[in-house]
Amino acid sequence: MRDETLLSDNWGRLTRYDFDFRRHDGRTERQAREVYDRGDGAVILLYNVARKTVVLTRQFRLPVHVVGEDPELIEACAGLLDRQDPEAAIRREAEEETGYRVGAVEKLWTVFMTPGSVTEQLHFFIAPYEAEMKVSAGGGEEAEGEEIEVLEPTLERALRMIGSGEIRDAKTIMLLQHLALAGIMED
Ligand SMILES: Nc1nc2c(ncn2[C@@H]2O[C@H](COP(=O)(O)OP(=O)(O)O[C@H]3O[C@H](CO)[C@@H](O)[C@H](O)[C@@H]3O)[C@@H](O)[C@H]2O)c(=O)[nH]1
Ligand SMILES: [Mg+2]
């Protein structure tokens with residue numbers, strides 16, 4: 001690493017790195033890349049085998065609006081870790097956003113969503129849910145500006161919403177396809 005320049009340190013931290021990159025042929029070239037660190041996150045897809053439904057959220061996403069697309073994004077429930085371990089964080093987030101207090105959760109993967117510029121690692125979970133687990137309306141933290149609508153489509157309908165372009169969030173598509181591929185709704 002040759003140089004590290006803090007460009008912005010506000011909600012997240014944007015840093016420019018100047019470094020020497022060694023190519024496979026042995027040549028070294030100087031490169032510069034900007035890296036955005038806004039912490040790690042977790043995401044969970046709740047599913048009900050008897051009703052064949054999943055729990056999704058719909059909320060306004062400014063970056064989507066800024067590029068001129070429909071900003072009401074449909075997503076699996078997700079949140080930043082806020083210094084908690086991933087499982088504790090996703091349980092808190094599931095209850096805040098969807099109103100469901102889940103039991104056992106299953107960890108799937110920890111992946112980079114945007115490795116070209118964002119440091120974030122996202123921890124993926126799934127969990128079964130039942131109507132009795134509903135403890136509040138959900139909707140997110142109003143004080144933090146969140147306004148989250150809770151949707152409960154069937155998995156079949158949600159998979160069709162990927163094809164139609166109604167679902168355009170990568171983590172959500174990964175989780176819906178995992179449920180389908182693993183045959184989790186089939187028993
Ligand atoms: N002041 C301020 N607040 C912010 C900013 N960005 C986010 N927030 C606040 O931080 C909270 C983030 O909500 P979470 O539910 O914890 O996170 P999320 O935005 O749903 O993020 C999840 O999805 C992302 C997108 O897929 C993931 O990148 C992330 O890891 C996480 O899983 C919200 O209250 C939001 O208002 C910002 O730039 N400034
Ligand atoms: Mg969230």
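All of these numbers come straight from a predicted model, not from anything done at the bench. One is the number of the first residue; the rest follow in order along the sequence. We count ligands from 1, going down the list as the structure has it; atoms in each ligand are counted the same way.
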Close N/O pairs between ligand 1 and protein, under 3.5 Å:
{"unit_1": "ligand 1", "atom_1": "6 (N)", "unit_2": "Trp11", "atom_2": "NE1", "d": "3.3"}
{"unit_1": "ligand 1", "atom_1": "13 (O)", "unit_2": "Glu146", "atom_2": "OE2", "d": "3.1"}
{"unit_1": "ligand 1", "atom_1": "15 (O)", "unit_2": "Ala78", "atom_2": "O", "d": "3.1"}
{"unit_1": "ligand 1", "atom_1": "15 (O)", "unit_2": "Glu93", "atom_2": "OE2", "d": "2.9"}
{"unit_1": "ligand 1", "atom_1": "15 (O)", "unit_2": "Glu97", "atom_2": "OE2", "d": "3.0"}
{"unit_1": "ligand 1", "atom_1": "15 (O)", "unit_2": "Glu146", "atom_2": "OE2", "d": "3.4"}
{"unit_1": "ligand 1", "atom_1": "16 (O)", "unit_2": "Leu80", "atom_2": "N", "d": "2.9"}
{"unit_1": "ligand 1", "atom_1": "19 (O)", "unit_2": "Arg61", "atom_2": "NH1", "d": "2.8"}
{"unit_1": "ligand 1", "atom_1": "20 (O)", "unit_2": "Arg61", "atom_2": "NH2", "d": "3.0"}
{"unit_1": "ligand 1", "atom_1": "20 (O)", "unit_2": "Ala78", "atom_2": "O", "d": "3.1"}
{"unit_1": "ligand 1", "atom_1": "26 (O)", "unit_2": "Lys171", "atom_2": "NZ", "d": "2.4"}
{"unit_1": "ligand 1", "atom_1": "28 (O)", "unit_2": "Arg38", "atom_2": "NH1", "d": "3.2"}
{"unit_1": "ligand 1", "atom_1": "28 (O)", "unit_2": "Glu120", "atom_2": "OE1", "d": "2.9"}
{"unit_1": "ligand 1", "atom_1": "28 (O)", "unit_2": "Glu120", "atom_2": "OE2", "d": "3.1"}
{"unit_1": "ligand 1", "atom_1": "30 (O)", "unit_2": "Glu120", "atom_2": "OE2", "d": "2.0"}
{"unit_1": "ligand 1", "atom_1": "32 (O)", "unit_2": "Ala42", "atom_2": "O", "d": "3.4"}
{"unit_1": "ligand 1", "atom_1": "32 (O)", "unit_2": "Gly79", "atom_2": "N", "d": "3.4"}
{"unit_1": "ligand 1", "atom_1": "34 (O)", "unit_2": "Glu144", "atom_2": "OE1", "d": "3.1"}
{"unit_1": "ligand 1", "atom_1": "34 (O)", "unit_2": "Glu146", "atom_2": "OE2", "d": "3.4"}
{"unit_1": "ligand 1", "atom_1": "36 (O)", "unit_2": "Glu144", "atom_2": "O", "d": "3.1"}

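A salt bridge links Arg38 with Glu120: at least one charged nitrogen is closer than 4.0 Å to a carboxylate oxygen. A salt bridge does not link Asp20 with Arg22: none of the charged nitrogens is closer than 4.0 Å to a carboxylate oxygen.
Between the Lys52 side chain and the Met185 main chain, a donor and an acceptor come within less than 3.5 Å of each other. In this structure, Thr154 contributes its side chain and Arg157 its backbone to a donor-acceptor pair below 3.5 Å. In this structure, Asn10 contributes its side chain and Gly12 its backbone to no donor-acceptor pair below 3.5 Å. In this structure, the side chain of Thr98 does not engage the main chain of Glu95 through any donor-acceptor pair within 3.5 Å.
Every salt bridge (charged side-chain N to carboxylate O under 4.0 Å, His left out) that Glu87 has, sequence neighbours left out, goes to Arg91.
At most 12 heavy atoms of other shown residues, nucleotides or ligands fall within 6.0 angstrom of atom CZ in Arg101.
Of all protein N/O/S atoms, those under 2.8 Å from the Mg ion (ligand 2) are Ala78 O, Glu97 OE2, and waters are not counted.
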List the atom pairs, with distances to 0.1 Å, where a side-chain N or O of residues 58-76 and a protein N or O form a donor-acceptor pair under 3.5 Å, not counting sequence neighbours.
{"unit_1": "Arg58", "atom_1": "NE", "unit_2": "Glu149", "atom_2": "OE1", "d": "3.4"}
{"unit_1": "Arg58", "atom_1": "NH2", "unit_2": "Glu149", "atom_2": "OE2", "d": "3.0"}
{"unit_1": "Arg61", "atom_1": "NE", "unit_2": "Glu75", "atom_2": "OE2", "d": "2.7"}
{"unit_1": "Arg61", "atom_1": "NH2", "unit_2": "Glu75", "atom_2": "OE1", "d": "3.0"}
{"unit_1": "Arg61", "atom_1": "NH2", "unit_2": "Glu75", "atom_2": "OE2", "d": "3.4"}
{"unit_1": "Glu69", "atom_1": "OE1", "unit_2": "Arg168", "atom_2": "NH1", "d": "2.7"}
{"unit_1": "Asp70", "atom_1": "OD1", "unit_2": "Glu72", "atom_2": "N", "d": "3.1"}
{"unit_1": "Glu75", "atom_1": "OE1", "unit_2": "Lys171", "atom_2": "NZ", "d": "2.6"}

